[in-house]
Protein chains: 2
Amino acid sequence: MSSFPDVVVNRSSPVPLYHQVAEQLERAIRDGELLPGDRIANEVVLADRLGLSRPTLRQAIQSLVDQGLVVRKRGVGTLVVHAPIRRTVELTSLNDDLLRAGRQPSTVVLDLQLQPAPDAISEHLKIVAGTPVWRLDRLRRVAGRPLAVMRNYVPGQVADLGAVDLSATGLYEHFRSAGIHLRVAHQTISARKADAEEARLLEGTAGDPLLTMQRTSFDDQGRAVEFGTHLYRPDLYAFETTLVDR
Amino acid sequence: MSSFPDVVVNRSSPVPLYHQVAEQLERAIRDGELLPGDRIANEVVLADRLGLSRPTLRQAIQSLVDQGLVVRKRGVGTLVVHAPIRRTVELTSLNDDLLRAGRQPSTVVLDLQLQPAPDAISEHLKIVAGTPVWRLDRLRRVAGRPLAVMRNYVPGQVADLGAVDLSATGLYEHFRSAGIHLRVAHQTISARKADAEEARLLEGTAGDPLLTMQRTSFDDQGRAVEFGTHLYRPDLYAFETTLVDR
DNA sequence: CAGTGGTCTAGACCACCGA
DNA sequence: CGGTGGTCTAGACCACTGT
């Protein structure tokens with residue numbers, strides 16, 4: 001019962017062929033057209049029917065593997081795994097995530113200033129201590145409730161945050177429109193108690209548990225663009241990830 | 001200043017060529033032989049010098065991209081990003097992580113029984129409610145201190161946990177030796193307060209913040225193998241991840 | 001413009017799996 | 001044994017970058 005969903009490719013499209021195939025297979029899985037346990041037709045057959053080379057088709061299927069949608073086994077085939085309800089955590093901002101989920105976030109800029117980088121921060125951003133960095137403190141709310149307190153540091157050389165309305169625009173959105181392309185981020189997730197000030201902002205009580213995230217993001221030049229320390233109300237937020245064995 | 005580390009390949013090794021190259025480049029980056037901002041010699045040159053085809057070399061470099069060690073930019077080159085202190089979270093168990101970090105974990109099995117799967121659990125494991133599942137409760141300690149309380153469910157059809165000494169062997173380790181190959185996992189990370197019983201086990205106080213993780217793991221047949229709910233002391237544990245934009 | 005990575009082809013041989 | 005994915009080759013043309 002090796003399933004074979006309708007896939008068509010458009011060779012005059014600027015979208016890479018492997019991506020066209022991957023998108024259509026992904027949709028078939030997420031829409032339930034291909035069910036968990038189903039087998040996808042093998043590479044050679046699939047490539048043949050679509051008029052593509054085997055490496056190109058392989059590249060398409062590999063992207064499904066990377067997303068955790070299918071698993072492959074030599075001698076057996078490519079099997080559909082149960083589709084996750086939500087997508088895996090990607091290199092996006094909290095704002096992006098909320099917008100995509102159809103929520104309507106609002107942001108309050110609590111503070112913004114240009115200051116010499118403290119040692120701990122300069123280390124994360126790989127810049128010389130004392131170099132000017134923007135320090136941005138924000139409170140993000142959704143559905144009228146406070147969700148997260150975010151502090152971000154951005155080197156002055158990277159962007160001029162003074163000229164941006166950060167209550168209307170997400171930080172990552174600003175980076176994109178400024179021609180900064182984020183490529184990699186390292187993050188650490190843990191938890192701790194809220195102090196009095198944090199509790200006040202998040203409308204909770206001192207001692208409440210907070211979900212914490214620290215992230216350093218790098219752009220396509222290998223440059224550290226942003227270091228952030230975020231605090232989330234765990235009753236309103238969770239991180240979802242997909243792990244794949246390669 | 002395009003760096004060119006010493007790389008040699010052994011064609012009679014069973015290790016794939018692309019993997020040999022990737023390993024050596026990875027070590028050069030992690031050891032600081034290649035520094036953040038350095039450029040790696042371009043694909044064509046590198047492939048030529050090593051006597052490999054360009055696709056093979058590309059595959060090697062792609063794995064570095066996936067690990068967040070380098071970023072690539074058309075027309076520019078391949079640039080080394082700052083290497084993370086620790087590796088990214090991989091599809092391993094807590095036990096594996098601790099062993100690799102040179103810590104010596106010990107495990108206490110609190111409870112183990114075969115029971116009909118509750119609705120909530122059968123849903124995660126994609127099995128029929130009421131099907132027998134193992135419920136395993138464990139406490140993991142490291143350096144004499146309690147680190148995590150773990151509850152895992154494993155379908156009875158997947159493994160017979162009754163015949164295993166789970167205080168000496170990690171659950172994932174047992175899966176491997178039983179010929180079960182984990183491939184994908186979906187996890188959700190958040191936080192909450194400890195209740196009295198959890199606090200007692202973790203030698204803390206009720207109300208303390210706990211880092212929580214829920215995970216469902218699938219094997220190479222697309223079968224749900226394990227569902228777990230883990231509670232970590234956040235002062236002793238954090239999750240580290242690397243996000244890559246593809 | 002020259003240099004880089006991004007995509008794509010049309011094959012080949014091999015390793016592993018299940019029947 | 002036949003079927004599957006895993007690896008590898010030797011090219012090709014294109015898109016984007018920075019000078």
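Below, chain A is the first sequence line, B the second, and so on; all start at residue 1.
Scanning DNA chain D 5' to 3' for nucleotides with an atom closer than 4.0 angstrom to a non-hydrogen atom of chain B gives a first and last hit of D:dT7 to D:dT17.
Using a 4.0 Å heavy-atom criterion, one finds that B:Leu17 contacts the sugar-phosphate atoms exclusively.
Rounded to whole Å, the distance from NZ on B:Lys73 to C1' on C:dG3 is 14 Å. Between the CG atom of B:Asn42 and the P atom of C:dG3 there is a distance of 10 Å, given to the nearest Å. Counting to the nearest Å, the P atom of C:dC17 and the CZ atom of A:Arg72 are 15 Å from each other. Across the protein-nucleic acid pair, B:Leu46 atom CG and C:dG3 atom C1' stand 15 Å apart, rounded to whole Å. Separating the CG atom of A:Asp220 from the P atom of C:dT4 is a distance of 17 Å, rounded to the nearest angstrom.
Toward the 5' end of DNA chain D, the nearer of the two residues B:Ser53 and A:Gln221, judged by each one's closest nucleotide, is B:Ser53. When the nearest nucleotides of DNA chain C are assigned to B:Val44 and A:His19 by heavy-atom distance, the more 5′-ward of the two goes with B:Val44.
Taking A:Thr229 as the reference, nothing meets the side chain to side chain donor-acceptor pair (under 3.5 Å) condition, with sequence neighbours excluded. A:Asp165 meets the side chain to side chain donor-acceptor pair (under 3.5 Å) test with A:Ser167; sequence neighbours excluded. By the side chain to side chain donor-acceptor pair (under 3.5 Å) test, B:His19 is found to be paired with no residue, residues two or more places apart in sequence or in another chain being considered. For B:Phe227, the ring pair (Phe, Tyr, Trp, His ring centres under 6.0 Å) partners are B:His124, not counting sequence neighbours. When the salt bridge (Lys or Arg N to Asp or Glu O under 4.0 Å) test is applied to B:Lys126, no partner is found at least two apart in sequence or on another chain.
A salt bridge is absent between B:Arg27 and B:Glu23: the closest approach of a Lys/Arg side-chain nitrogen to an acidic carboxylate oxygen does not fall below 4.0 angstrom.
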